[in-house]
Number of protein chains: 4
Amino acid sequence: MRKNPLPAPLGIGLIGTGFMGRAHALAFRNVSAAFELPAPIHLAALADADSARAGQCAQAWGFERSHSDWQQLIDDPQVQIVAITTPNHLHFPMAMAAIAAGKAVYCEKPLAVSLAQADEMRRSAEAAGVVTQVGYNYQHNPMIDLAREMIDAGELGEIISFQGEFSEDFMGDPASPWSWRCEAEHAGGALADLGSHLLAMARYLLGDIEAVCADSSTVHRQRPATRGSNEMRSIAVDDQTHALLRFASGARGTFSSSWLKHGYKNHLSFEISGTRGTLTFDQERLNELRIYRSGATGRDGFQRILAGPAQAGYAAFCPAPGHQLGYNELKALEVHSLIQAVCGVGKRGPDFEEAWQIERLAAAIRLAAREQRWVGLGEI
Amino acid sequence: MRKNPLPAPLGIGLIGTGFMGRAHALAFRNVSAAFELPAPIHLAALADADSARAGQCAQAWGFERSHSDWQQLIDDPQVQIVAITTPNHLHFPMAMAAIAAGKAVYCEKPLAVSLAQADEMRRSAEAAGVVTQVGYNYQHNPMIDLAREMIDAGELGEIISFQGEFSEDFMGDPASPWSWRCEAEHAGGALADLGSHLLAMARYLLGDIEAVCADSSTVHRQRPATRGSNEMRSIAVDDQTHALLRFASGARGTFSSSWLKHGYKNHLSFEISGTRGTLTFDQERLNELRIYRSGATGRDGFQRILAGPAQAGYAAFCPAPGHQLGYNELKALEVHSLIQAVCGVGKRGPDFEEAWQIERLAAAIRLAAREQRWVGLGEI
Amino acid sequence: MRKNPLPAPLGIGLIGTGFMGRAHALAFRNVSAAFELPAPIHLAALADADSARAGQCAQAWGFERSHSDWQQLIDDPQVQIVAITTPNHLHFPMAMAAIAAGKAVYCEKPLAVSLAQADEMRRSAEAAGVVTQVGYNYQHNPMIDLAREMIDAGELGEIISFQGEFSEDFMGDPASPWSWRCEAEHAGGALADLGSHLLAMARYLLGDIEAVCADSSTVHRQRPATRGSNEMRSIAVDDQTHALLRFASGARGTFSSSWLKHGYKNHLSFEISGTRGTLTFDQERLNELRIYRSGATGRDGFQRILAGPAQAGYAAFCPAPGHQLGYNELKALEVHSLIQAVCGVGKRGPDFEEAWQIERLAAAIRLAAREQRWVGLGEI
Amino acid sequence: MRKNPLPAPLGIGLIGTGFMGRAHALAFRNVSAAFELPAPIHLAALADADSARAGQCAQAWGFERSHSDWQQLIDDPQVQIVAITTPNHLHFPMAMAAIAAGKAVYCEKPLAVSLAQADEMRRSAEAAGVVTQVGYNYQHNPMIDLAREMIDAGELGEIISFQGEFSEDFMGDPASPWSWRCEAEHAGGALADLGSHLLAMARYLLGDIEAVCADSSTVHRQRPATRGSNEMRSIAVDDQTHALLRFASGARGTFSSSWLKHGYKNHLSFEISGTRGTLTFDQERLNELRIYRSGATGRDGFQRILAGPAQAGYAAFCPAPGHQLGYNELKALEVHSLIQAVCGVGKRGPDFEEAWQIERLAAAIRLAAREQRWVGLGEI
């Protein structure tokens with residue numbers, strides 16, 4: 001329990017009320033009860049272009065007031081942190097406005113719809129000295145912290161291979177209609193939508209990747225304009241992308257991303273192998289990590305570790321092991337990182353600089369697939 | 001989104017600030033953002049005997065005021081629902097006071113420390129006409145709803161067997177010290193602490209149990225008074241209990257409960273088999289259900305179903321399948337049932353009447369173990 | 001490789017050419033190539049009441065000659081070991097004749113169709129001094145050897161619980177017709193057919209059981225006389241039996257056996273838990289053992305051990321780990337035990353004495369179910 | 001059972017008495033008892049350069065006579081099928097001699113130590129009209145037959161991706177010494193030793209691969225000359241290779257092979273995904289196949305199919321499902337294909353022509369890795 005007088009609360013301004021908007025709202029509501037925060041937070045304002053919806057969601061989710069004009073939210077003096085959960089093409093103008101206003105920016109991934117925009121965003125944030133964070137929420141999982149600890153402590157020896165995949169099947173039905181996710185200019189496609197999370201994870205756990213080779217395909221080249229419609233729209237973005245990765249450390253690996261792979265719902269998975277052991281993770285069982293340590297006993301075998309309060313991020317939500325965190329709690333852990341970063345303490349999540357690196361890597365994969373050759377990151 | 005004027009908010013009064021107190025607080029905070037409630041809720045008051053802690057938790061968790069005297073909380077006119085998360089022996093006086101005040105009561109399990117108390121509580125609640133709910137939270141899991149739907153729809157045929165277990169290992173170390181959970185008069189022991197959840201589940205899914213036979217053992221008959229202490233205290237409650245169950249429907253089964261079983265952290269698991277299929281569940285993977293349907297194809301096999309938005313309780317938290325709910329969200333789903341019950345709509349969780357039935361069943365198991373014979377429920 | 005002159009070969013006489021007959025034949029053919037045997041073996045004679053079938057199988061399986069009269073096989077001076085794989089009611093006359101002829105007897109389970117017969121068989125074998133072995137083949141699995149080693153070495157601490165089940169679904173369809181397995185006088189029913197293997201395993205791993213309580217049910221009380229027939233026959237044997245077990249060691253446990261449980265094909269499974277750890281096994285993945293050791297590290301979890309050449313029985317068939325033995329190789333390992341026993345060396349499989357103990361235990365379970373009470377083994 | 005007079009037996013001549021020699025012997029012994037063969041077989045001769053060992057193994061394994069000179073075995077008029085299980089560099093001279101003698105040839109993989117040799121072997125066999133088969137035994141698994149049936153029947157829709165891996169860890173310890181497997185001129189390295197099995201599988205299930213890109217690394221560049229030795233030898237072959245695959249059908253995929261990956265013992269695994277479903281297989285659980293069918297019900301999920309007698313190859317060994325085949329029985333199934341091919345009936349395993357195609361593909365991967373570019377199969 002807190003012993004000192006509380007600092008002034010941090011005002012939160014949230015833009016967007018879709019899936020991610022609500023996930024942010026749940027996260028901001030959870031984080032105060034779960035953690036002793038370095039500063040209290042205040043749900044100051046919610047913005048949605050639909051004024052009525054903005055008001056209703058603000059009331060239901062506990063935000064003090066609502067706006068239909070996001071610029072007003074950014075200008076609100078009670079707002080210190082601007083959370084952006086709108087469609088991808090709006091990330092750039094909103095984040096740039098927030099930076100200009102000197103506010104901390106918490107933006108969903110991808111950072112922007114072009115590498116040039118992403119570059120401008122990271123430079124502007126750097127110049128303005130504002131705290132930024134991008135929503136690569138999966139890496140805030142306590143089991144990922146544990147994986148990183150084990151890797152960093154050398155428990156797997158020198159890392160020699162990474163095999164990662166992020167597949168889902170929400171576009172697997174050819175009748176799944178066109179959406180903005182099917183447009184390259186909105187950062188669509190399986191690589192951008194799903195694969196970028198995996199690239200973020202690979203970099204978080206194993207550091208820089210210096211060269212890639214890749215292959216992409218668009219299996220369903222037309223989709224209905226809307227569900228059930230006879231009007232068909234052409235699709236140019238990738239349905240699936242496979243790649244080879246070379247890490248700066250010398251490790252090698254494979255990358256796969258698909259939104260057509262039937263049976264997978266949130267299959268962000270990887271296996272990391274070193275000279276002394278192997279670990280595997282699958283987001284579809286986010287509270288588990290499997291590890292094999294060579295030579296520990298004469299009776300080796302993969303061991304399934306269940307999340308528990310030995311991991312700090314888990315303990316914040318539950319004192320008993322094996323009870324399991326959910327997806328929304330990963331988002332609350334992400335918000336915790338954000339608040340710590342704003343207060344200048346603790347571990348930081350990926351900021352605009354790191355998000356730009358992730359998008360640079362995605363761009364290299366896209367180039368390698370287009371030109372069917374290895375691409376060094378130095379080319380991007 | 002809501003279209004009509006909001007009714008007056010339901011005031012929540014929470015007693016207790018431990019593991020369960022915080023879990024309730026998280027749940028009440030989550031439920032408003034996840035559901036369109038039949039009435040808004042207001043976090044009116046928090047009580048803890050430690051006045052300073054009461055105030056700090058109230059602030060961190062968003063309760064309007066705090067009390068060190070729980071009777072004041074119950075008397076607070078802004079409180080319509082009293083949530084009780086204190087040690088077991090306090091459930092009776094608090095619930096009876098809340099009933100006397102005409103408040104709805106939401107009580108953690110077990111209902112009371114004796115069957116006589118439980119009986120008095122259910123009768124008083126019935127007489128007073130107040131809504132009650134007891135915290136058998138595991139049955140609010142959407143996958144359990146799905147299991148029940150499948151059973152009720154006859155997808156497994158006529159049910160012929162149930163095999164259930166709830167084991168953990170938090171007392172597995174002989175050095176784990178004595179606590180009130182080790183006292184029979186505080187409703188301690190593995191059967192009461194863990195097993196009662198399994199009995200609740202068996203009844204929820206398959207109805208009345210009419211006879212039991214059982215065997216209990218206390219493996220560690222002494223434990224340190226406190227961790228590391230040389231003072232030893234005698235232990236008389238069960239460390240593990242196994243039982244045979246006869247359901248009124250004709251189904252037969254086994255029951256096991258242990259708090260010594262190394263490797264299990266939240267292993268509330270069961271297998272239900274009928275004349276046409278089998279399903280299995282394990283709370284350690286709470287977002288999964290395994291089902292086998294006979295004869296569906298020539299290529300039968302157990303199928304793993306992942307929780308997704310096809311289950312309403314899941315959809316409230318996440319629109320995408322496979323992303324997983326956590327333990328705390330089951331608690332929010334329980335709170336949703338409670339609010340629905342208070343507003344007279346929707347599915348109801350187990351009330352004091354049902355909780356008494358569960359404890360009656362536990363009492364039958366205790367008697368069967370003590371006298372080493374079959375016990376009919378009519379004897380209790 | 002062998003260095004000394006080979007002893008005279010042991011002549012094998014096999015009675016029966018069904019599923020088990022062929023399994024024995026495969027086992028006797030495999031064992032010579034897999035092991036350096038203490039004595040060479042010779043496939044001397046095969047008997048089947050159908051003379052033509054006897055001849056054809058003898059040729060295909062490599063037996064020197066065939067008989068349609070099993071007594072001739074027993075009398076054959078080239079036969080030293082008589083293997084009996086006929087229907088259960090023939091075990092007694094055949095084994096008694098073989099014992100009378102001073103031959104070693106290798107009999108499929110169950111030993112006999114009544115406890116009185118079994119008792120006479122074990123006494124006669126003891127008096128005659130012949131080597132006997134009964135086909136509880138599952139316990140010859142190298143992973144079971146490993147489990148026993150771990151238990152005996154105290155790796156799990158003091159054993160406190162056993163939960164075992166042997167379920168299949170081959171009678172799950174109500175249209176599955178009557179067969180001799182449905183007759184009590186042929187040692188039919190799920191308990192005798194499947195459950196006896198589990199009792200054998202429990203005794204092999206944890207020793208004597210001193211008291212039981214049980215519950216049996218016959219779900220399908222009539223079955224077609226033959227597949228598709230309109231003629232129905234009444235069924236009195238158990239479709240499923242559940243029991244509580246008390247071991248002489250103080251461990252407690254549960255037992256389940258069913259031939260109706262949809263989804264299971266060879267689900268001989270158990271979990272054994274002690275004061276320091278837990279292990280689990282499922283025959284449907286016969287090359288795996290899962291173990292949890294408490295406190296080994298701060299990152300505990302169940303570990304999956306794959307069979308490999310560290311287990312001697314595995315090494316006999318394959319020098320590389322993880323390649324997997326099959327069911328038929330367990331039978332070859334059983335034959336290896338038999339030949340060792342006949343030659344007076346090495347580990348012995350369950351003999352007539354032990355098989356009688358297993359059937360005594362099954363009889364106690366049957367009595368406990370019939371009279372709905374605890375039964376001490378001393379009563380049987 | 002056979003009704004016609006038996007044809008003259010096929011004489012088997014086996015060269016080599018190591019791991020694979022014994023596996024062949026077990027397979028030839030098993031196949032007669034498991035199958036009604038189109039012609040009986042006769043274990044005619046066994047050859048090993050060590051004359052004493054040849055004699056001892058011949059006796060233990062049931063071969064009529066032995067040779068220390070393999071040419072004598074090939075010339076033996078009682079030998080119709082020559083089985084070659086010697087180190088890789090001897091495959092070429094032995095197979096060429098057998099072809100010259102007009103014998104059927106059954107050769108362990110890889111076919112040869114160079115693509116030129118392999119090419120000469122397939123041309124010679126073709127010219128001589130002899131039956132050939134190469135030991136890619138994993139594809140004789142009944143579950144692989146089932147996978148192929150499902151794919152060919154369109155149960156997965158149009159195949160769009162393949163992700164395969166064959167990893168083990170037998171060289172994972174840097175102290176694992178040099179062996180001939182570490183020499184490129186003996187067809188050493190992880191790609192040749194393990195990866196070639198995966199390439200065989202990919203071709204068997206999905207047909208021609210037309211282009212590849214790859215990356216190989218040698219992690220441990222020196223190994224002890226012998227176990228424990230201080231003398232170190234340089235290693236140039238790959239420890240791990242990753243690749244991208246483009247199938248002629250349009251499917252895309254990834255390939256991985258490693259002999260350093262801790263925790264894996266026989267991890268020949270793949271996932272094949274199409275427009276209507278996904279299947280996965282892992283040789284470490286060789287009796288299982290996992291399949292997901294989209295849209296079959298509203299409650300989709302991966303289903304685990306256990307091997308059973310619905311698969312013909314399984315039924316040959318066991319009439320009951322779920323009992324499991326072992327690795328050695330895959331070898332017996334391979335021998336069954338061989339005998340069928342020699343008799344001109346039934347399914348054929350991969351012959352020298354197919355084995356050359358597999359090695360051509362491995363050569364393309366090697367070239368792509370060396371030159372760090374995509375390689376079309378037409379270049380090889």
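Contact of B/R22 with chain A is made through the side chain alone, with heavy-atom distances under 4.5 Å. Using a 4.5 Å cut-off between heavy atoms, B/Y138 touches chain A through its side chain atoms alone.
Judged by distance alone, the side chains of A/Y314 and A/E329 never bring a donor and an acceptor atom under 3.5 Å apart. For B/W259 and B/D169, the side-chain atoms include no donor-acceptor pair closer than 3.5 Å.
By the 4.5 Å heavy-atom criterion applied to side chains, B/Q311 and B/D145 are not counted as neighbours.
Per-residue heavy-atom pair counts under 4.5 Å with chain B were compared for A/G263, A/A34, A/G62, A/A33, and the maximum is reached by A/A33. Ranked by heavy-atom pairs shorter than 4.5 Å toward chain A, the options B/L325, B/L330, B/N30 are led by B/N30.
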> Run the side chain to side chain donor-acceptor pair (under 3.5 Å) check on B/E334 and B/Y106 step by step: do they pass?
Replying inline: CA-CA 10 Å; B/E334 181 174 82; B/Y106 171 34; 2.5 Å; yes
